[in-house]
Asks: 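Structure incoming, see below.
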Amino acid sequence: MPIKLQKESIIEKVQELAKRRGFFWQSAEVYSPVGGFWNYGPLGLVLKNKIISSWRKWFVKDENAYEIETSNILPEIVWIASGHVENFVDKIVECKKCKSKFRADHLIEDILGEKEKLEGKTTEELTRIIRENKIKCPKCEGELSEVRTFNLMFPIYVGAYEEIKCYLRPETTQASVLDFMQVYRTQRGKLPLKIAQIGKAFRNEISPRQIFMRMREFTMAELQIFFNPEETKYEDFEKLSNYEVNLLPVELRQKGEENFVGISVSKALEKGWIPNEIIAYYIAKVFAFFTEELGFRKDYIRYKELLPEERAHYAKVHWDLEVYSKDFGWQECVNNAWRSDYDLSRHQKFSKQNFSVFENGKRILPHLYEPSFGIDRIFLLLLVNSFREDKERTWLQINRKFAPYDVGVFPLVSKDELKTKAREIYILLKNDFNIFYDESDSIGRRYRRADEVGIPACITIDFQTLKDNSVTLRDRDTMQQIRTRIPDLPDVLKKFLNGASLETLS
RNA sequence: GCGGCGCUGGUCUAGCCUGGUUAGGACACCAGCCUUCCAAGCUGGUAAUCCCGGGUUCAAAUCCCGGGCGCCGCACCA
């Protein structure tokens, strides 16, 4: 809208736009909101749902995965088995003098070196080590507090007397692992077996920041691929073996390299950067989803392999897919973790159930590879990277098929005969397209309104329409127009929304 | 969690230092006029617990204290 924005960064402008036009805002805003919780408005939700439906097409339908939906609350034992009760915590000491906080294990390692084994030590043991070695605050030499823990999971007590301790899940993965056998049996599955889940996860972040980048409740879309670790070949690999992706592997990172390398996944496999064909396939597939489906610039997408000390407790190999934006730099959007048989074997041990399958005359405990997408981050980066403004106008140059509305329908001026015709066209198109119908104010102002929320096409009904049954079709990005006959509109619009240029349609 | 800064109609803000105004403006929104293609104009209108709580004062958006939220930095981000 015609506001002269004084904002500095794109994200500030996007946030203001999002609130003003109904993409997203903070939860419980009328009271002082609790940080880290966000609501989607009507326009934002359409966009989010479009991302999710694309994801379903690419990772459920194309991949022949089984999608399930599972509960958000799971008993404590699940999280003990998964390692989250033990590992999803920060053990922290505070300096009593200067109030600086340190991770207790890092601090001890820094001072004593690797000689102490800290894995699995309790807070009391860590406190004792600090006292015995007279470790002081590295900043001001002040005395350190007792070691405390912060578990990032939300505990929740279930039952009339609150006797059953549960947690809100911090990832959807565990439920897919727990239900692996159910899916395998009921669907008469075979390895590799793929289970998809789209759902909420909850983390009690110490300091939520940057809108959707660190939320306490967020949407994940995860594909769990259970595969035979002895099988190094993957039948779909050839489809994408020559696909070029941007990689920054540990091998290069350790040499101090900071820029990614464009390389085909088969070459990366040969170099040993990627361990097997199934992972190589999904590295390519996820990359393609970002560039070809979501429409991110290729040089704005890269994989960064995590160093051993950066990896999660379950991960054997871990590639973060990162998306670049001016405001956030490289931001992790998809965790791609080879979790080996960690989860299945842990649950097998804790539940005393058998999670292995019988295939090709052998019992196999499958390995798990998991691309895990942060949908809200992808949503925000899609908005931020499509934001455009010049002297005249502000627009979202978002991939046409993800726009919250497909097409605007406007009578050129507010005259009854034009409005009647415009409403006819609205009714003609409304079943097949999301229509933004607007007949107030000048046509220029309506174009601006439409541009600002990224509506890719605008149809205007003018006086010529009444004579020859044609309308103008305007392209959001170029502001150019062609005339189209009304009977051709549905077809022309479909082609346009699928990426055809105006020239090819006129 | 710590430190610095900030919070005024839907949005962006003026006012705060130097307490007293019907809390002003712009944009948006609603009704109408005008208008034959890119933020025109006109008339009228709706809309603000001045983030919350407490204190000082005859009087608080304004000063003081506590809290919430946000931004930046530190720390954290399995």
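Since we're looking at a predicted model, the values are computed, not measured. Keep in mind that the numbers below use all heavy atoms, side chains included, and drop hydrogens, waters and symmetry copies. The chains referred to below are lettered A, B, ... by the order of the sequence lines, with proteins before strands, and numbering in each begins at 1.
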Asks: From CD of A:E12 over to P of B:C71, roughly how many Å is that when rounded to an integer?
Replies: 9 Å
Asks: Consider the side chain of A:R209, meaning its heavy atoms from C-beta on, and name the nucleotide among B:C37, B:C12, B:G1 that approaches it most closely.
Replies: B:G1
Asks: Taking 4.0 Å as the cut-off, does a side-chain nitrogen or oxygen of A:R449 come that near to OP1 or OP2 on B:C29?
Replies: yes
Asks: Using the P atom in both, what is the distance from B:G53 to B:U62, to the nearest Å?
Replies: 12 Å
Asks: Could you check which nucleotide pairs with B:A31 in any of the strands shown, counting Watson-Crick or G-U wobble with both distances under 3.5 Å?
Replies: B:U43
Asks: Does any nucleotide pair with B:A61 by Watson-Crick or G-U wobble geometry, both distances under 3.5 Å, and what is it?
Replies: none
Asks: Does A:Q26 put a side-chain nitrogen or oxygen below 4.0 Å from OP1 or OP2 of B:G70?
Replies: yes
Asks: At 4.0 Å (heavy atoms only), tell me whether A:Q210 reaches a base, stays on the sugar-phosphate, or touches nothing.
Replies: sugar-phosphate
Asks: Using the P atom as the point on both nucleotides, what is the distance between B:U13 and B:G20, in whole Å?
Replies: 23 Å
Asks: Kindly confirm or rule out a cation-pi arrangement of A:K316 over A:W338, judged by NZ or CZ under 6.0 Å from the six-membered ring centre and within 45° of its axis?
Replies: yes
Asks: Is there, by distance only and without an angle test, a donor paired with an acceptor across the side chain of A:E205 and the base of B:C76 below 3.5 Å?
Replies: no
Asks: Among B:C69, B:U11, B:C37, which is the nearest nucleotide to the side chain of A:V34?
Replies: B:C69
Asks: Considering heavy-atom distances to RNA chain B, does A:G36 or A:V471 have its closest nucleotide positioned more toward the 5' end?
Replies: A:V471
Asks: So what's B:C16 paired with, Watson-Crick or G-U wobble, going by both distances under 3.5 Å?
Replies: none
Asks: What's the closest nucleotide to the side chain of A:Q481 if the choices are B:C38, B:U35, B:C69?
Replies: B:C38
Asks: Go through B:U11, B:C37, B:U35 for me and flag the one nearest to the A:Y447 side chain.
Replies: B:C37
Asks: Quick check on B:A40: is either OP1 or OP2 less than 4.0 Å from any side-chain nitrogen or oxygen of A:S442?
Replies: yes
Asks: B:C77 pairs with which nucleotide, Watson-Crick or G-U wobble, both distances below 3.5 Å?
Replies: none
Asks: Suppose we define a pair by two distances each less than 3.5 Å, Watson-Crick or G-U wobble; what does B:G70 pair with here?
Replies: B:C5
Asks: Tell me the interatomic distance from A:K19, atom NZ, to B:C69, atom P, rounded to whole angstroms.
Replies: 15 Å
Asks: Looking at A:E258, I want to see if its CD is surrounded by more than 12 non-hydrogen atoms of other residues, nucleotides or ligands under 6.0 Å.
Replies: no
Asks: Quick check: on RNA chain B, is the nucleotide nearest A:R311 upstream (toward 5') of the one nearest A:D451, or the reverse? Name the residue that is more 5'.
Replies: A:D451
Asks: Minimum heavy-atom separation for A:S82 to A:H347, with atom names?
Replies: N-CE1, 4.2 Å
Asks: Let's test your reading of the model: under 3.5 Å, does the base of B:C76 pair with the side chain of A:R214 as donor and acceptor?
Replies: yes
Asks: Begin from the C-alpha positions of A:D320 and A:Q331 and carry the test side chain to side chain contact (heavy atoms under 4.5 Å, CB included) through to its verdict.
Replies: CA-CA 9 Å; A:D320 276 349; A:Q331 177 70 50; over 6 Å; no
Asks: If pairing requires Watson-Crick or G-U wobble contacts with both distances under 3.5 Å, which nucleotide is the partner of B:A26?
Replies: B:U11
Asks: Could you please name the option among B:C38, B:U35, B:C29 that lies closest to any side-chain atom of A:R448?
Replies: B:C38
Asks: What is the distance from CG of A:L412 to C1' of B:C37, rounded to the nearest Å?
Replies: 5 Å
Asks: Measuring centre to centre across the rings, with the benzene-like ring taken for any Trp, is A:F433 within less than 6.0 Å of A:Y405?
Replies: no
Asks: Just the rounded figure in Å: distance from P of B:G9 to CZ of A:R20.
Replies: 15 Å
Asks: Can you tell me whether the side chain of A:R474 and the base of B:C37 have a donor-acceptor pair closer than 3.5 Å?
Replies: no
Asks: Please report whether the ring centroid of A:F218 lies less than 6.0 Å from that of A:F37.
Replies: no
